[in-house]
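Structure record follows, encoded as structure tokens.
In what follows, chains carry the letters A, B, and so on, assigned in the order in which the sequence lines appear, proteins first and then strands, with residues in each chain numbered from 1. Quantities reported herein were computed from a predicted structural model and do not represent experimental measurements.
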2 protein chains.
Amino acid sequence: MFSQAEENYLKAIYALEEKLQKNISTNILASKTQTKASSVTDMLKKLAIKQLITYKKYQGVQLTKTGKDAALIVVRKHRLWEYFLVNKLNYGWDEVHDIAEQLEHIKSETLIDRLEKFLKSPKFDPHGDPIPDKDGKIMRIKTVNLLELKVGQKGVLDNLKDSSDEFLKYLNKKNLALRDRIKVIDIEPFDNSIHIETKTHQLVISKKVAGNLNIKI
Amino acid sequence: MFSQAEENYLKAIYALEEKLQKNISTNILASKTQTKASSVTDMLKKLAIKQLITYKKYQGVQLTKTGKDAALIVVRKHRLWEYFLVNKLNYGWDEVHDIAEQLEHIKSETLIDRLEKFLKSPKFDPHGDPIPDKDGKIMRIKTVNLLELKVGQKGVLDNLKDSSDEFLKYLNKKNLALRDRIKVIDIEPFDNSIHIETKTHQLVISKKVAGNLNIKI
DNA sequence: AATATAATTTAGACAAGGCTAAAAATATAA
DNA sequence: TTATATTTTTAGCCTTGTCTAAATTATATT
């Protein structure tokens, strides 16, 4: 079907569209895919020929329906494999990204649906991100950013805006995990740092950290 | 470490060495890897530079210790993934080869050992072939070819010489599986076909088929 | 509006891994 | 032991996906 490189570009474009809600520029895509802008341009031409994206020179790029479907399949595979790695092989949530990055490209008509069944059709991956179903449908949960909470408000840590290994390791160190119940104790107006409380402890997090935490109220 | 292509060549050379017990020729390797002889020659040069094989022009090729170790890791990964696919995802033994062929190239320091642990350290894959341990050690079981049995002798179907999908499908159709207890009822001198009996039924198999069945007495 | 800066694309190159066709080496046979 | 056939290697080319450097287009600034 598609090459690994193609799948990686599709996935990257999809992720950026979700985040930025606009046409994706060559440069941003280059930094996301760890390549150079010129390489991106080359690939965009190929993807455009295959009707996976809409691409007009200098205008940035957008997934077509076909392209989005293809991207969602890759996302589905990635997240199901992450779930497998964490819940069956006992990896930490900060260790699975690179391996899932490889596993997501395994080609098979049937593998991923069998894997899903084996895992009992989980709806969310270890970072709280929704796992698209067979048809690319995603279960969206309404959450608010921790920054939006007022003093005294409570909620449950549902998912992360940034799931980089570094950030995950930070959360590990601070003993914060998905599903933790969080209460805002105080907000420091000077630097917007937030004093929070969980079942087990209290801590102060920076504005930057809080901005990465999405809360289900 | 090694590229997929390199790993595939190493595995192919290993398999052929096991089977033929001599230097492996360019042509044989080409047919095993589904490439052309000229491509094989190119790759052999690269593998020789990396000290994975001993290669003298026109003389065929042999794995070095390092090369054999590398090949055994690939075999280990292939067989553990096959075991996973059959025993966890409920694939048939005739459906897993192509997928395992991809999974065996996933790169990770820790993945395969965790997978092994998860699977409870199986010693044999779904085709009865031994799974090398972490250090490349293989458990060898003494078996004899079904052709060597005399009328009246009994044994257990332990492994297959040819594990191609076609042959596996044949065995499925004839209701023959690993661990089946087999008794030789009669041998037809005219064409060397063999009349056998299992727990559940009797059947006649050709010389060619019998030659692919290894029996533990 | 003209110009400086930033973003993007083009042109040309490279590495990996494959191919075909031709040349060279080895093996087989008369 | 030549002659023929087979096997292997070499030479040169192709595709994919990447890169650098240069050229082009868009954007920002004065």
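A donor-acceptor contact under 3.5 angstrom links the side chains of A:Y91 and B:T110, judged on distance only. With no hydrogens or angles considered, no side-chain donor-acceptor pair links A:Q102 and B:H105 at under 3.5 Å. Side chains of A:H78 and A:D125: a donor-acceptor N/O pair is absent below 3.5 angstrom, by distance only.
With rounding to whole Å, A:H105 atom NE2 is found 18 Å from D:dT16 atom P. Across the protein-nucleic acid pair, B:L47 atom CG and C:dG17 atom C1' stand 12 Å apart, rounded to whole Å. Following rounding to the nearest Å, B:M43 (CE) and D:dT10 (C1') show an atom-to-atom distance of 17 Å. Here the C1' atom of nucleotide D:dG17 and the CD atom of A:E7 are 15 Å apart, to the nearest Å. The nearest whole Å value for the distance from the CD atom in A:Q4 to the P atom in D:dT15 is 21 Å. Rounded to whole angstrom, the span from the CG atom of B:L44 across to the C1' atom of D:dT10 amounts to 14 Å. Spacing between atom CG of B:L29 and atom C1' of D:dT7 amounts to 14 Å, rounded to whole angstrom units. Following rounding to the nearest Å, B:N23 (CG) and C:dT26 (P) show an atom-to-atom distance of 14 Å.
A sub-4.0 Å separation between OP1 or OP2 of C:dG18 and a side-chain N or O of B:Y9 is present. Here A:K57 does not reach the OP1 or OP2 of D:dA26: none of its side-chain N or O atoms lies under 4.0 Å away. For the OP1/OP2 pair of C:dT8 and a distance below 4.0 Å, the side-chain nitrogens and oxygens of A:N27 include at least one atom meeting the criterion. Proximity of B:K45 to the phosphate of D:dT10: a side-chain N or O atom is located under 4.0 Å from OP1 or OP2. Between A:S3 and D:dG17 there is a side-chain polar atom (N or O) within less than 4.0 angstrom of OP1 or OP2.
Environment of NZ in A:K107: crowded, with over 12 heavy atoms of neighbouring residues, nucleotides or ligands closer than 6.0 Å.
For the side chain to side chain contact (heavy atoms under 4.5 Å, CB included) test with A:I112, the passing option among A:K134, A:K117, A:R76, A:E104 is A:R76; the others fail.
D:dA22 is paired with C:dT9 under the Watson-Crick or G-U wobble criterion, all donor-acceptor distances under 3.5 Å. Across all strands shown, the partner of D:dT30 is C:dA1, judged by Watson-Crick or G-U wobble contacts whose two distances both fall under 3.5 Å.
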Show the distances under 3.5 angstrom between N or O atoms of the protein and N or O atoms of nucleotides 19-23 of chain D.
| unit_1 | atom_1 | unit_2 | atom_2 | d |
| --- | --- | --- | --- | --- |
| D:dC19 | OP2 | A:K36 | N | 2.9 |
| D:dC19 | OP2 | A:S39 | OG | 2.5 |
| D:dT20 | O4 | A:S38 | OG | 2.9 |

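Formation of a donor-acceptor pair under 3.5 Å by the B:N23 side chain with backbone atoms of B:Q59 is found in this model.
Take the nearest nucleotide of DNA chain D for A:A5 and for A:Q59: the residue whose nucleotide is more 5' is A:A5.
Using the six-membered ring where Trp is involved, A:F84 and B:F118 have ring planes that are perpendicular, over 60° apart on the 30 and 60° scheme.
For DNA chain C, none of the residues of residues 11-20 of chain A falls under the heavy-atom distance limit of 4.0 Å.
Legend: side chain to side chain donor-acceptor pair (under 3.5 Å) pairs involving residues 41-54 of chain B, not counting sequence neighbours, sorted by first then second residue: B:E6-B:K50.
Contact detail for B:I106 and B:K77: the closest heavy-atom pair is O-NZ, 2.9 Å. Scanning all heavy atoms of the two residues, the minimum distance from B:N145 to B:G211 falls at ND2-O, 2.9 Å.
Of the candidates D:dT18, C:dT9, C:dT26, C:dT9 carries the atom nearest the A:T41 side chain, counting heavy atoms from C-beta on.
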